2 protein chains.
Amino acid sequence: MATIREVAERAGVSTMTVSRVINNSGYTSRAARARVEAVIAEMGYVPNALARSLRFKQTKTLALVLSDITNPFFTTIARGVEDVANRHGFNVIFGNTDESEEKQAEYLNVLVQKQVDGVLLVPALSTEGPVAFLRSRGVPVVVLDRRVPECSTDGVRGDSVQGGYELTKLLLGLGHRRIAILSGPPEVSTAADRVAGYRRALAEAGLNCDPVLILHGLLRQAGGYQMTQQALALTPRPTALFAANNFIAIGAYRALRDARLHVPDDLAMVAFDDLPPALILEPFLTVAAQPAYEMGQCATEMLLARLAGKGPDARQEVVLPVEIIIRCSSGNPLTGE
Amino acid sequence: MATIREVAERAGVSTMTVSRVINNSGYTSRAARARVEAVIAEMGYVPNALARSLRFKQTKTLALVLSDITNPFFTTIARGVEDVANRHGFNVIFGNTDESEEKQAEYLNVLVQKQVDGVLLVPALSTEGPVAFLRSRGVPVVVLDRRVPECSTDGVRGDSVQGGYELTKLLLGLGHRRIAILSGPPEVSTAADRVAGYRRALAEAGLNCDPVLILHGLLRQAGGYQMTQQALALTPRPTALFAANNFIAIGAYRALRDARLHVPDDLAMVAFDDLPPALILEPFLTVAAQPAYEMGQCATEMLLARLAGKGPDARQEVVLPVEIIIRCSSGNPLTGE
DNA sequence: CTGTTAGCGCGTTCAG
DNA sequence: CTGAACGCGCTAACAG
């Protein structure tokens with residue numbers, strides 16, 4: 001609550017001297033410094049970063065806007081972001097959009113007003129609006145996890161096409177021919193890309209792709225549950241399920257259980273996104289694991305480099321490989337076909 | 001990047017008129033307003049919240065300082081915090097302390113400098129230092145999840161004593177007499193309180209409490225793993241394990257599996273903190289579940305009430321009940337004893 | 001080594 | 001209905 005002026009008065013010097021003491025800038029006599037330091041300690045003075053930011057046009061604050069911090073994939077990203085930011089003396093404001101473009105727009109607007117130095121954005125939909133908005137306001141952005149079309153930005157994401165491809169190929173290798181993919185909204189690039197990978201694997205195997213096997217729903221448990229019910233209603237019934245993210249996988253598993261179907265005996269299952277080892281008792285799902293923590297780190301480092309003017313001129317896109325982890329849920333090779 | 005002055009010039013009015021338009025305050029002629037609004041849209045002007053905050057001494061920003069956002073218990077709290085904050089027009093800066101008091105002190109210092117309006121704190125240790133610091137700087141605090149001693153603050157937490165008591169009583173009811181509790185550092189109040197509940201249940205059952213059964217370690221998987229190894233080395237070996245948090249539980253489970261012991265047949269197990277249903281395939285652990293989301297909500301509402309000067313004069317402590325959820329890991333009643 | 005002046009962007013006060 | 005002047009807390013530039 002105390003201001004620099006009060007400290008100055010109390011110490012019998014000018015505000016400038018106090019400022020120099022605080023920032024170790026310029027010259028200060030030993031005596032003056034000691035007196036000022038004493039007064040600072042005594043009054044519990046803390047410099048006002050707002051005023052400083054107003055002058056320097058630097059808040060040392062980043063923003064992380066994502067769909068839902070509750071999803072361990074994003075939690076892990078957040079941790080990577082915060083670690084790097086903190087190491088560089090930055091703080092992080094976070095916000096959940098729940099995939100809503102309105103909520104996203106509101107956040108971005110406020111964050112720009114608050115003069116955050118940069119934004120890490122998991123865009124709700126694959127539209128270029130939000131990025132364009134930030135750019136026009138001079139706020140550097142790094143797009144995380146998802147692509148935005150027609151808009152070259154710095155970006156970091158996992159290789160959804162590759163993951164979708166490999167997961168599908170794995171199932172094909174086990175003999176599955178009717179694989180349903182439970183994906184997210186087609187407007188979300190990761191959902192689309194995973195479907196693209198799935199298609200590619202099918203095509204490469206010379207199979208044609210039955211469009212009824214491609215389902216779109218919410219990237220949440222409820223979505224997985226619903227899509228699974230739809231998939232089970234198909235004839236012939238799929239022999240394998242590909243869940244496009246971790247929440248969908250859980251929902252799908254629930255739906256299967258409720259239908260008294262056993263994984264992997266009755267149906268095989270694979271999913272995108274692994275759960276952190278600290279959260280699983282018995283690893284069960286075969287997954288394409290994205291390096292979430294590294295994604296957060298990498299994106300933040302890119303952003304900070306931009307801020308420091310150290311980045312390359314051209315926009316940079318980093319696509320990190322995903323790792324296929326084979327566990328129980330994909331089952332053994334199909335027999336009798 | 002555009003300033004209010006630039007807008008004013010371009011619109012041929014004074015900055016004050018622009019200000020009035022932005023804030024819908026005072027009177028403005030229809031014509032002036034229209035022109036100003038046009039210029040604002042045209043230039044993409046966004047008011048600078050820093051300058052505004054400097055005047056109003058209000059940043060509309062809260063801070064959430066916790067040990068590790070990666071722990072789903074804290075993630076869920078964070079979501080509750082952010083939801084309420086956002087609904088009231090506040091943003092949230094978060095920071096991970098990893099239970100380190102130095103990291104915590106650094107965060108608090110910076111956050112005070114940044115003039116956050118209030119802090120939600122999960123204190124690293126049960127010391128009054130951090131709270132006193134914030135108070136002396138005039139920053140309202142609500143302490144989350146843990147107690148701080150000798151220091152009346154607003155606080156919200158789950159009832160660790162009750163949870164510890166009921167979980168222990170449950171095991172006793174199943175016939176267990178040698179129950180090892182794998183707890184956190186004794187300086188963390190939740191760790192201490194859960195042990196207190198454990199003790200109370202034992203005492204009430206007329207059993208005396210073998211001190212070797214009370215283990216302290218890190219509130220992480222590694223801690224759970226180590227403590228379990230220690231517990232298994234005891235003679236006679238405990239017949240049940242009480243993990244003081246979710247991470248410890250996972251570590252314990254791993255250690256048991258590595259020792260080729262089966263839960264609940266060889267050893268029963270209960271734990272504090274449930275995992276969100278969206279993350280579990282097969283619910284297995286018997287737990288004391290804390291209402292994490294509500295804790296975050298409640299704490300934030302209390303903080304905002306304080307900021308609005310609406311809170312009660314006296315400091316308020318909310319202790320939320322925990323819910324015992326009985327699943328497989330606690331097993332059936334012991335036989336043959 | 002130290003103090004004065006000026007201004008970061010905004011909004012309130014008080015005259016027009 | 002509108003504008004000029006001042007100050008929020010801080011520091012760079014420039015005297016002294």
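Just so it is clear, the structure is predicted and the values come from calculations on it, not from any experiment. Each chain gets a letter, A, B and so on, in the order the sequences are listed, and its residues count up from 1.
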Side-chain (B/Asp117) to main-chain (B/Leu62) donor-acceptor, under 3.5 angstrom: no
Contact list for residues 65-78 of chain A, test salt bridge (Lys or Arg N to Asp or Glu O under 4.0 Å), sequence neighbours left out: A/Asp68-A/Arg220, A/Asp68-B/Arg79
Axial bend angle, the helix from C/dC1-D/dG16 to C/dG16-D/dC1: five-pair end segments, nearest 10°: 50°
OP1 or OP2 of D/dT2 under 4.0 Å from side-chain N/O of B/Ser29: yes
Contact under 4.0 Å: B/Thr17 side-chain N or O vs D/dC1 OP1/OP2: no
Selection residues 290-299 of chain B - residue pairs positive for side chain to side chain donor-acceptor pair (under 3.5 Å), sequence neighbours left out: B/Asp83-B/Tyr293, B/Asp273-B/Gln290
side-chain contact (heavy atoms from CB on, under 4.5 Å) against B/Arg157, all qualifying residues, sequence neighbours excluded: B/Arg147, B/Glu317, B/Val319
Sequence-distant partners of A/Thr61, side-chain hydrogen bond (donor to acceptor under 3.5 Å, both in side chains), two or more places apart: B/Lys114
Letter per nucleotide, 5' to 3', of nucleotides 10-16 of chain C [B base touched, S only sugar-phosphate touched, - untouched; heavy atoms, 4.0 Å]: BBB----
Pairs flagged by ring pair (Phe, Tyr, Trp, His ring centres under 6.0 Å) wherever residues 91-125 of chain B is involved - sequence neighbours left out: A/Phe94-B/Phe94
Separation of atom CZ in B/Arg35 from atom P in D/dC1, rounded to whole Å: 15 Å
Show me, pair by pair, the donor-acceptor contacts under 3.5 angstrom made by side chains of residues 42-55 of chain A, not counting sequence neighbours?
from	atom 1	to	atom 2	distance (Å)
A/Glu42	OE2	A/Arg10	NH1	2.6
A/Asn48	OD1	A/Leu50	N	2.7
A/Asn48	OD1	A/Ala51	N	3.3
A/Arg52	NH2	A/Asn23	OD1	2.7
A/Ser53	OG	A/Ala49	O	2.9
A/Ser53	OG	A/Gln58	O	3.0

B/Glu99: partners by salt bridge (Lys or Arg N to Asp or Glu O under 4.0 Å), with sequence neighbours left out: B/Arg146
